[in-house]
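Keep in mind that the numbers below use all heavy atoms, side chains included, and drop hydrogens, waters and symmetry copies. The chains referred to below are lettered A, B, ... by the order of the sequence lines, with proteins before strands, and numbering in each begins at 1.
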Amino acid sequence: MAHSLPEILTSGVQAALTALYDVDGSAQDITLQTTRKEFEGEFTVVTFPLTRLARKKPDEIAGDLGNYLKEKLAEVSDFNVIKGFLNLVIAPTYWRDFLLNGPQKADFGRGERKGETVVVEFSSPNTNKPLHLGHVRNILLGWSSSQLLEAAGYDVKKVQIINDRGIAICKSMLAWERFGEGATPESTGVKSDHFVGDFYVLFEKKFREEYAAWQESAEAQRILQEKKKADQEASAFWKGFKNQYFNEHSKLGAEAQQMLLRWEAGDESVVKLWKKMNAWVYAGFDETYDRLGVSFDKLYYESNTYLLGKDMVDKGLSTDVFQKRDDGSVFADLTDAKLSEKTLMRADGTSIYVTQDLGTARLRYDDFGAKRMVYVVADEQNHHFRTLFELLKRLEEPYADGLFHLSYGMVDLPSGRMKSREGTVVDADDLMNEVIHEARLASQERSATEGLSEAEQEDIIRQIGMAALKFHIIKVGPQKRMVFDPKESVDMQGQTGPYVQNAYVRTQAVWRKAGADRDVSAAGDYRDLAPAERDLIAQLYAYPNLIQEAAEQYDPSLIAMYCYELAKNLHKFWHDHSILNAETEAAVAFRLQLCRAVGNVLKSGMLLLGIEVPERM
RNA sequence: GGCUCUGUAGCUCAACUGGAUAGAGCACUUGACUACGAAUCAAGAGGUUUCAGGUUCGAAUCCUGACAGAGUCACCA
């Protein structure tokens with residue numbers, strides 16, 4: 001296709017403006033949109049903005065333009081005018097030729113290779129506890145954005161940085177050492193990342209017990225009397241004092257910190273324990289990632305990167321982007337960018353979080369030469385990334401203009417925010433088990449997969465359950481904080497993953513019945529398109545452009561909504577029209593190919609979301 | 001308190017980035033399987049787009065000011 005319809009129509013309108021009114025309209029003046037479904041036509045020109053140029057009423061302009069376009073453009077077969085809206089009807093032959101070519105191929109919609117690399121970071125868990133619902137949203141967003149960028153034409157590298165060090169994992173380690181009695185995931189039969197997480201929880205429990213007991217001591221009472229505000233309840237004070245207690249008074253806290261210091265010093269026994277427990281966690285993560293259907297090209301470990309960034313600090317100092325304080329600490333003054341002063345190096349020469357991220361960004365650039373990097377991280381870190389990007393920009397890093405924080409809203413439950421301390425966190429593994437369980441129940445009420453082996457049936461059930469879960473999460477725009485109701489996530493009817501899968505299954509079922517080698521050459525004789533057919537074809541036509549748009553906006557929810565709309569139109573078409581028993585052979589052949597095209601795009605779109613589509617369900 | 005984000009049907013979400021009568025699903029009511037698959041389709045009901053001003057041919061969308069919720073404001077990660 002040399003030119004797209006929007007291009008043809010836009011330049012057609014420009015030509016018309018010159019011919020009819022002797023004015024030059026730039027493409028910017030011309031607003032072209034898809035026609036709302038209650039009107040006839042596929043594209044609409046809005047003529048209100050043209051009144052100034054043409055000095056006529058909107059509906060008169062629309063009539064003039066309509067006549068001109070219908071006469072001059074083969075692609076336009078008819079038009080109608082409603083107020084300032086010119087609705088253009090695209091020639092059925094144009095649609096027919098389009099349908100029988102482009103979307104018959106499975107790779108329809110994929111963009112030209114751009115020869116540019118994008119690094120996408122997502123998931124990036126801590127290794128002290130298993131993955132939960134929050135990670136699931138992150139992972140689905142990261143994965144589908146990666147797929148989307150890939151389809152749009154970029155070379156994508158999927159990475160995560162694993163927070164494998166620090167005080168948190170030390171808590172798990174300490175708890176296991178003190179209370180574990182040599183137990184292992186194997187000896188207990190607990191999934192290995194959960195096993196480690198259980199010790200983290202155990203540490204918190206023991207710590208709270210210790211804290212509560214300590215509060216009764218004379219020392220604690222003295223501190224309470226000295227420091228609490230006059231009208232403050234004791235319980236409120238202790239709540240706020242917890243961190244300080246951990247750092248300055250707690251025996252368990254001291255031991256955990258001791259362990260962290262020994263780890264940093266490279267203490268052999270601590271490192272050995274650390275490796276053992278992390279290995280358990282990774283084995284568990286791998287299983288969860290596998291079930292979610294995601295993978296990574298490269299893993300970065302914080303234990304390897306937490307010292308990075310010092311050379312970036314040197315660079316910043318030498319170019320006067322950073323400054324040194326009297327005590328030796330280093331900071332950047334970002335106040336002119338409406339950010340505050342940001343410290344990058346403590347007086348003792350140790351680096352902090354943002355410094356590490358500077359180094360990691362550079363490391364990735366060296367690894368992949370990517371000029372675009374996407375960080376999929378929750379919106380609670382908006383400020384951090386604004387600072388990070390500003391710093392990299394001032395350091396004049398070559399990839400600084402291609403940095404993007406794919407910020408997403410946190411996931412709430414109907415009961416409110418998830419809190420690990422209150423045990424309201426929805427575990428990723430449990431969640432998947434639950435949706436697959438529901439899919440199995442729903443499947444048992446039907447008999448559509450009779451005759452398949454048990455393994456095949458189980459695989460289909462898995463695909464359906466996962467589709468329900470994934471679609472439910474990914475259909476929501478990233479930046480929106482979302483309420484996750486487990487009951488709704490297992491719905492299989494309406495605006496859901498299984499609904500879309502079902503549409504795909506139908507497109508395949510009709511071909512099974514027709515025979516894969518069915519002769520469809522008569523389709524070229526098909527003349528009149530029914531509205532349901534036009535809708536479907538126009539929608540297919542929009543797919544390639546949608547991929548580019550969704551990729552540029554890093555927004556997979558656009559694809560999800562599109563898949564739903566396409567499936568909806570397919571279902572309606574299916575209901576209203578007979579395919580194999582259509583009136584003419586041309587209609588049968590045409591509709592079969594329409595089914596194949598829709599099936600291709602549904603499968604392609606769902607795959608971009610990380611959702612598989614079964615052949616039967 | 002400063003900054004950022006969010007506020008749309010009972011609930012969960014859309015609205016092509018300023019366009020037509022604000023749309024879907026769930027839940028509720030009612031119809032459609034002897035049909036290529038009913039995980040479907042069709043119909044009904046449900047709205048002062050948080051509120052008040054402003055900008056213009058035209059506002060859920062942009063501006064100002066309230067109100068409500070969330071996040072963030074470390075030499076933590």
Decide whether a cation-pi geometry holds between A:Lys171 and A:Phe203; the criteria are a distance under 6.0 Å from NZ or CZ to the six-membered ring centre and an angle within 45° of the ring axis.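 No, A:Lys171 and A:Phe203 do not form such a contact.
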
Tell me whether the guanidinium CZ or amine NZ of A:Arg137 lies under 6.0 angstrom from the six-membered ring centre of A:Tyr408 and within 45° of its axis.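 Checked: cation-pi criterion not met.
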
Starting at atom [atom1] of [X], determine the distance to atom [atom2] of [N], rounded to an integer number of angstrom.
X	N	atom1	atom2	answer
A:Lys572	B:A32	NZ	C1'	13 Å
A:Ile559	B:A14	CD1	C1'	15 Å
A:Asn502	B:U40	CG	C1'	7 Å

For A:Phe39 and B:A20, are the ring centres under 5.5 Å apart with planes inclined under 30°?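 The base of B:A20 is stacked with A:Phe39 (centres under 5.5 Å, planes under 30°).
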
Please indicate yes or no: is the ring centre of A:Tyr564 less than 5.5 Å from the centre of the six-membered base ring of B:A24, with the two planes inclined by under 30 degrees?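 Base of B:A24: not stacked against A:Tyr564.
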
Electrostatic pair A:Arg325-A:Glu341, nearest N-O below 4.0 angstrom: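 A:Glu341 and A:Arg325: salt-bridged.
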
More 5' along RNA chain B: A:Gln479 or A:Ser578, using each one's nearest nucleotide?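 Its nearest nucleotide lies further toward 5', so the answer is A:Gln479.
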
For A:Val46 and for A:Glu341, locate the closest nucleotide of RNA chain B by heavy-atom distance; then report the residue assigned to the nucleotide nearer the 5' terminus.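 The residue closer to the strand's 5' end, by nearest nucleotide, is A:Val46.
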
Distance test, side-chain N/O of [X] to OP1/OP2 of [N], below 4.0 Å:
X	N	answer
A:Arg386	B:U72	no
A:Tyr499	B:C41	yes
A:Lys568	B:G25	yes

Determine the Euclidean distance between corresponding [atom1] atoms of [M] and [N]; express it in Å to zero decimal places.
N	M	atom1	value
B:G46	B:A24	P	15 Å
B:C13	B:U8	P	10 Å
B:G23	B:A59	P	16 Å
B:C41	B:G58	C1'	36 Å
B:G37	B:A32	C1'	16 Å
B:G44	B:G7	C1'	29 Å

Mind checking [X] for me? I need base, sugar-phosphate or nothing, with any heavy atom below 4.0 Å counting as a touch.
X	answer
A:Met617	base
A:Gln553	base
A:Val483	sugar-phosphate
A:Glu302	sugar-phosphate
A:Arg481	sugar-phosphate
A:Thr496	nothing
A:Ile464	base
A:Asp357	nothing
A:Lys37	sugar-phosphate
A:Ile579	base
A:Trp574	base
A:Gly477	sugar-phosphate
A:Ala347	base
A:Val330	nothing

Kindly indicate whether the side chain of A:Ser340 and the base of B:C73 share any N or O donor-acceptor pair separated by less than 3.5 Å?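 There is none.
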
Between [X] and [Y], do the side chains contain an N or O donor and an N or O acceptor separated by less than 3.5 Å?
X	Y	value
A:Gln593	A:Tyr526	no
A:Ser123	A:Asn138	no
A:Tyr21	A:Asp64	yes

Just compare [options] and give me whichever is closest to any side-chain atom of [X].
X	options	value
A:Arg325	B:C75, B:A39, B:C36	B:C75
A:Asp327	B:G25, B:U40, B:C75	B:C75
A:Glu380	B:G25, B:U72, B:A70	B:U72
A:Ala509	B:A39, B:G37, B:C41	B:G37

Aromatic contact between A:Phe404 and A:Phe389, with the criterion being ring centroids under 6.0 Å apart: yes or no?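 Between A:Phe404 and A:Phe389, the centre distance exceeds or equals 6.0 Å.
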
Using purine N1 to pyrimidine N3 plus N6-O4 or O6-N4 for Watson-Crick, or N1-O2 and O6-N3 for G-U wobble, both under 3.5 Å, which nucleotide pairs with B:A14?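 Looking at the geometry, B:A14 pairs with no nucleotide.
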
